[in-house]
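Just below is one structure, and these are the notes that go with it.
Start at 1 with the first residue, then count along the sequence. In what follows, every heavy atom counts, from backbone to side chain, and hydrogens, waters and symmetry copies are set aside. Counting convention: from 1, in listed order, for ligands and their atoms alike.
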Amino acid sequence: MTTRLLILGGTTEARRLAERLAGRADLAVTLSLAGRTLDPVKQPVPVRTGGFGGVVGLADHLRQNAVDGLVDATHPFAAQMSRHAAAAAAAAGVPLLAIRRPAWEPVEGDRWLEVESVAAAADALGPEPRRAFLALGRQELAPFEAAPQHAYLIRSVDPVEPPLAVPEAAYVTARGPFTAEDDVRLLTEHRIDVVVSKNAGGEASYAKIAAARHIGLPVLMVRRPAVPEVPAVATVEEAVAWVDHLAASREKRGV
Ligand code: NAP
C-alpha cells in the first residue's frame with residue numbers, strides 16, 4: 001500500500017527528509033517549493049512549484065492528489081504557508097506534522113538587539129550613517145530604501161533586481177552554508193559595523209552570527225513570526241519516525 005506524502009519545503013530539513021524517504025517502495029513523496037529561488041537545489045523526489053491558491057487551493061490539492069500526510073517543513077519565517085497548511089490539513093482531514101527548527105539563542109559575547117520585523121530593523125539602524133550587512137531574502141529589502149543614509153552589503157542567492165534605491169549598496173550572490181571564517185573576512189573587508197539577520201535557526205546561515213560575535217559587532221535580530229500550534233518535531237529524524245508510524249497505521253487499517 002502506498003502512502004502519499006506532501007512536503008512543504010524550501011529548507012534544508014525538507015530536502016534532508018526527502019533524501020531519507022526517496023526510493024521507499026511504500027511511499028510516494030512530492031516536495032513543494034514556493035518558487036522563490038531561480039535555480040533551486042536539485043531535490044531527490046518529484047517537485048511541484050508555486051503557490052496553491054490559499055487555504056482552499058491547498059485543501060483541494062490534498063484531496064485531488066489523495067495526500068495521506070502533510071509535512072510542513074517550510075522556513076520559520078514562511079508563517080503564512082504554515083497557517084495555510086494547518087487550516088487546509090484540518091479541512092481535508094489530512095494528518096499534519098511540522099518540522100520547527102529551534103531558534104538561535106544568544107550566547108556569551110553576542111550583542112543582539114531583537115526587533116519584531118525587517119522594517120523595525122531598518123528603523124533601528126538609527127539616523128547616523130552605518131555600514132550594515134543584510135542577509136535577508138531579496139524580496140524583503142524594500143524597508144531599507146527608507147533609510148538611505150546607510151551603506152549596505154547585501155548577500156542573496158539570486159541577484160537583487162532591481163537594485164536597492166539607495167546611494168551605497170554592494171551585492172554578493174552566494175548560496176550557503178558559509179563558514180564563520182569566510183564571514184569574518186567578508187564583514188571585515190567591507191568594514192561592516194552592524195549585521196541584520198532573521199532568527200532563522202539551524203546551521204546553514206549561522207556563520208554570520210558567529211562572525212559578528214567574533215568581531216564584536218552588534219546584530220539586529222528579527223524575531224520569528226508566530227506560527228500555528230500543530231503537532232511538531234525539531235528534527236528530520238523525528239519526522240521520519242512520524243512518517244513510519246503513519247505508513248504502518250495505514251497498512252494495519254488496510255486503507
Ligand atoms: P509565506 O509568506 O509563508 O508564503 C506566501 C505564499 O507563498 C503562500 O501563501 C503560498 O502561496 C506560497 N508558498 C510559500 N511556501 C510554499 C511552498 N513550500 N510551496 C508552495 N507554495 C508556497 O512564505 P514566503 O513568501 O516564501 O517567505 C516568507 C519568509 O520566509 C521570507 O522571510 C523568506 O525569506 C523566508 N524563506 C522562505 C523560503 C521558501 O522556500 N518559501 C525559503 C527560505 C526563506 P498560496 O497561498 O498561493 O498557496
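- Closest to atom 18 (N) of ligand 1, if we only count protein heavy atoms, is Ser32 O, 3.1 Å.
- A salt bridge between Lys198 and Glu140 is present, with a side-chain N of the basic residue lying under 4.0 Å from a carboxylate O of the acidic one.
- Contacts of Ala79 with ligand 1, taken as heavy-atom pairs under 4.0 Å, involve the backbone alone.
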- [ ] Apply the test side-chain contact (heavy atoms from CB on, under 4.5 Å) to residues Trp242 and Val233: give CA-CA distance (whole Å), side-chain angles for both, the deciding distance (0.1 Å), then the verdict.
- [x] CA-CA 9 Å; Trp242 182 84; Val233 294; 5.7 Å; no

Open item on the list: Using the rule given for side chain to side chain donor-acceptor pair (under 3.5 Å), can you reason through Arg48 versus Thr30, listing the C-alpha separation, both sets of side-chain angles and the distance that settles it, and then say yes or no?
Closed with: CA-CA 7 Å; Arg48 60 144 323 272; Thr30 303; over 6 Å; no

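- Interface atoms of ligand 1 facing Gly9, defined by a heavy-atom separation under 4.0 Å, are 18 (N), 40 (O).
- Pairs engaging residues 37-81 under the ring-ring contact (aromatic ring centres under 6.0 Å, His included) rule: Phe52-His61, His75-Phe77 [sequence neighbours left out].
- Only the backbone of Leu33 comes within 4.0 Å of ligand 1, judged by heavy-atom distances.
- Salt bridge status for Lys208 with Asp182: absent, with no side-chain N to carboxylate O gap under 4.0 Å.
- Within the set Lys198, His75, His61, the minimum heavy-atom distance to atom 33 (C) of ligand 1 is found for Lys198.
- Those atoms of ligand 1 with a heavy atom of Gly50 less than 4.0 angstrom away are 20 (C), 21 (N).
- Atom 31 (C) of ligand 1 has Glu140 OE2, 3.3 Å as its closest protein atom, hydrogens excluded (heavy atom only).
- Nearest to atom 47 (O) of ligand 1 among the protein's heavy atoms is Gly53 N, 2.9 Å.
- Taking the charged nitrogens against the carboxylate oxygens, Asp72 and Arg83 have no contact shorter than 4.0 Å, which rules out a salt bridge.
- Judged by distance alone, with hydrogens and angles left aside, the side-chain atoms of His150 form a donor-acceptor pair with the main-chain N or O of Arg130 at under 3.5 Å.
- Less than 4.0 angstrom separates some heavy atom of His84 from each of these atoms of ligand 1: 9 (O), 46 (O).
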Anything under 3.5 Å between a donor and an acceptor, one on a side chain of residues 115-124, the other on a protein residue two or more places apart or in another chain? List them.
residue	atom	partner	partner atom	Å
Glu116	OE2	Arg223	NH1	2.3
Ser117	OG	Ala120	N	3.0

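- Across the listed options Gly51, Ala34, Ala78, Ala78 owns the non-hydrogen atom lying nearest to atom 23 (O) of ligand 1.
- The option with the heavy atom closest to atom 7 (O) of ligand 1, from among Gln80, Arg36, Met81, is Arg36.
- Within ligand 1, the atoms closer than 4.0 Å to a non-hydrogen atom of Gly54 are 45 (P), 46 (O), 47 (O), 48 (O), numbered from 1 in the order shown.
- Side-chain atoms of Arg101 come within 3.5 Å of backbone N or O of Ala200 as a donor-acceptor pair.
- Heavy-atom separations between Arg48 and ligand 1 include at least one value shorter than 4.0 Å.
- Among all protein heavy atoms, the one lying closest to atom 29 (C) of ligand 1 is Phe77 O, 3.2 Å.
- Residue contacts with ligand 1: Gly57 is excluded, as none of its non-hydrogen atoms falls under 4.0 Å.
- Of the options Leu6, Val71, Ile7, a side chain to side chain contact (heavy atoms under 4.5 Å, CB included) to Val29 is made by Ile7 and by none of the others.
- Here the heavy atom of the protein found nearest to atom 40 (O) of ligand 1 is Gly10 CA, 3.3 Å.
- Of the protein's non-hydrogen atoms, the one nearest atom 48 (O) of ligand 1 is Phe52 N, 2.7 Å.
- Here the side chain of Asp68 pairs a donor or acceptor atom with the backbone of Arg4 at under 3.5 angstrom.
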